[in-house]
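Read the structure below first, then the notes.
Chain A is the first sequence line, chain B the second, and so forth, proteins listed ahead of strands; every chain is numbered from 1. Keep in mind that this is a model prediction, so the values were computed, not measured.
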Amino acid sequence: MLKAITPKSEDFSQWYTDVVRKADLMDYAPVKGFIVIRPYAYRIWEFIQKYLDARFQATGHENAYFPLLIPETLLTREAEHVEGFSPEVAWVTVGGGEALSERLAIRPTSETIVGEMYSRWIHSYRDLPVLINQWSNVVRWEKATRPFLRTTEFLWQEGHTVHRTKAEALSETEQQLEAYRGLLHDLLAIPAVTGIKSAGERFAGAVQTYTLEALMGDGRALQAATSHFLGQNFAKAFNIQFLDEDGVLKHGWTTSWGASTRLLGGLIMVHGDDRGLRLPPLVAPIQVVIVPIAKGGSGEPVNAYCQKLKERLAPHVRVVFDARDEFTPGYKFNDWEMRGVPLRLEVGPRDLAAGQVTAARRDIGAKIALADGELEVTVPQLLEDIQKSLYEQASAKLRAESVPIHDYHEAMEHDRRGFFYGDWCGEQVCADRLQEETSMTIRCLPLGEEPEDSGCVICQGPSRHRAVFARAY
RNA sequence: CGGGGCGUAGCGCAGCUUGGUAGCGCACUUGCUUUGGGAGCAAGGGGUCGGGGGUUCGAAUCCCUCCGCCCCGACCA
């Protein structure tokens, strides 16, 4: 067993804390609730950014940057929005040594400042659609924080669009949800349930919120990304109006959508095991590590081979040759496994003699011999296999822990671990009662699922929706 | 915001009960030997004991007070 990390099965929460710190993903900052995202984790975030940016731009979006501070009068313009966010807003009240005449909110999200600007920019149907994304930080003063999953400040992207018609805005909302689904599936190897949020869980000020819900290693749900159809709520609050082709002044239809550094927490909790992190190759800062085993007088030839091997592989994969002399091979094995490197190539005198290297897969732990001659081909192939294998493992777990129920007490038999599919009457009182009694919430109303008409799992009243119930982060 | 835990070297801890020169393991530095799953020996460096106040000849230790952090629950990406 790994010395540094508490086993998952023993204490999932402690395991998570151990992994994020021991794998050098983050460190706690001097202010409560704030963390430093260290280079190894930030690199993963950069892969996420690169993927999303490409998708956004392929669908006509541009990046821009809006200010960090929002005047109070602007933040409070949309009633539901301000009600939802006001408890967690941080305020700036002093500048240049003097009290400000109006306090300034540190953005918890940017709908309001963006809305204000859009109202100035949009006059005609010819100005639409406006398709803008921004990469930024936001601050939400949280009572209980956890590294990556819920920090006071976090990094994200927030897209803000305005459309001429309701149909176009709805289509935009769905398109971005699909971009996020792609991110999870293609890059992060995380399967997720797509659905819409119930009224109680909806974004403050939205008409409809689409969500991706992923299942963590401890059977709890994580909202991985959301896409909101805002209707004309913000357009009316911020006077986003345009003169349409028919000469009529109309309000625009807006959307917003976001994904945050919380995804890093999800990535860790979905794939990690007792040895530490397991990174999907596509987001692994280091995909392959070469560990030399220099026994007796074999140091020179082994190291020379490893160096050459690194140079051979470098054009194909992100590879590191661990030439540190101060650590034994055994130490290095554990160290790189903890950091989640997908593939390790061991090279010792026996390998040299046999014309091979020994490959150890992080996803399944198996070791196999690879012939020296074809490594430029077999190594990238193995990485592809590992990427798929991690998705399959997570997918199998999701299937195994997706449980249909007819009464919410059945979830207790599964220790509330997993996604529980059941009918819901649609009444908030039932959702509230469920949460009070079980800590479970309605994660979403999954797309493409119809109620069984077997009665609400809480009150046994008429079925109105199919819902996924779970405990959530 | 409730419940619990904890602040002593970079990390993990002992010392506190019963006040008397601040310790252990890991990590770090140097040297030698090692290397197929967390190496060994030797010699070193490193401390406002979370802050403030009090008691005392003397406080890591006793008293008061403040601060901070982590974990678990209720609210939120």
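In this structure, A/H81 atom NE2 and B/C76 atom P are separated by 14 Å, rounded to whole Å.
A heavy atom closer than 4.0 Å to some atom of RNA chain B occurs in A/T358, A/K367, these being the qualifying members of residues 358-369 of chain A.
In this structure, A/Q223 reaches the sugar-phosphate backbone alone: every heavy-atom distance under 4.0 Å involves primed, P, OP1 or OP2 atoms, never a base. Among the atoms of the strands shown, none is found under 4.0 Å from any heavy atom of A/F85. A/T151 comes within 4.0 angstrom of a nucleotide base, judged by non-hydrogen atoms across all strands. Base contact: A/E142 has a heavy atom under 4.0 Å from a base atom.
Here A/D322 pairs with A/R324 in a salt bridge; the nearest charged N to carboxylate O distance falls below 4.0 Å. A/R312 has a carboxylate O that lies under 4.0 Å from a charged side-chain N of A/D372, or vice versa, which qualifies the two as a salt bridge.
Taking the side chain of A/F154 as heavy atoms from C-beta on, and the options B/A77, B/G38, B/C1, the nearest nucleotide is B/A77. Side-chain atoms of A/Q435 lie closest to B/C75 of the nucleotides B/A77, B/U34, B/C75. Of the candidates B/C70, B/C28, B/A77, B/C28 carries the atom nearest the A/F327 side chain, counting heavy atoms from C-beta on.
Put simply, the side chain of A/R275 and the base of B/G38 share no donor and acceptor less than 3.5 Å apart. Judged by distance alone with a 3.5 Å cut-off, a donor-acceptor contact links the side chain of A/R150 to the base of B/C76. Not a single donor-acceptor contact under 3.5 angstrom links the side-chain atoms of A/T328 to the base of B/A39.
In this structure, the side chain to side chain contact (heavy atoms under 4.5 Å, CB included) partners of A/A284, at least two apart in sequence or on a different chain, are A/L279, A/Q287, A/P342. Legend: residues meeting ring pair (Phe, Tyr, Trp, His ring centres under 6.0 Å) with A/W135, ordered by chain and number and at least two apart, are A/W45. The side chain to side chain contact (heavy atoms under 4.5 Å, CB included) test applied to A/R43 returns A/E46, A/F47, A/P285, not counting sequence neighbours. Under the side chain to side chain contact (heavy atoms under 4.5 Å, CB included) criterion, A/R150 pairs with A/E142, A/R262, not counting sequence neighbours. Looking at residues two or more places apart in sequence or on another chain, you find a side chain to side chain contact (heavy atoms under 4.5 Å, CB included) between A/V347 and A/I290, A/V302, A/Y305, A/C306, A/L309, A/L352, A/V357.
Taking 4.0 angstrom as the limit, A/R220 places a side-chain polar atom (N or O) nearer than this to OP1 or OP2 of B/G73.
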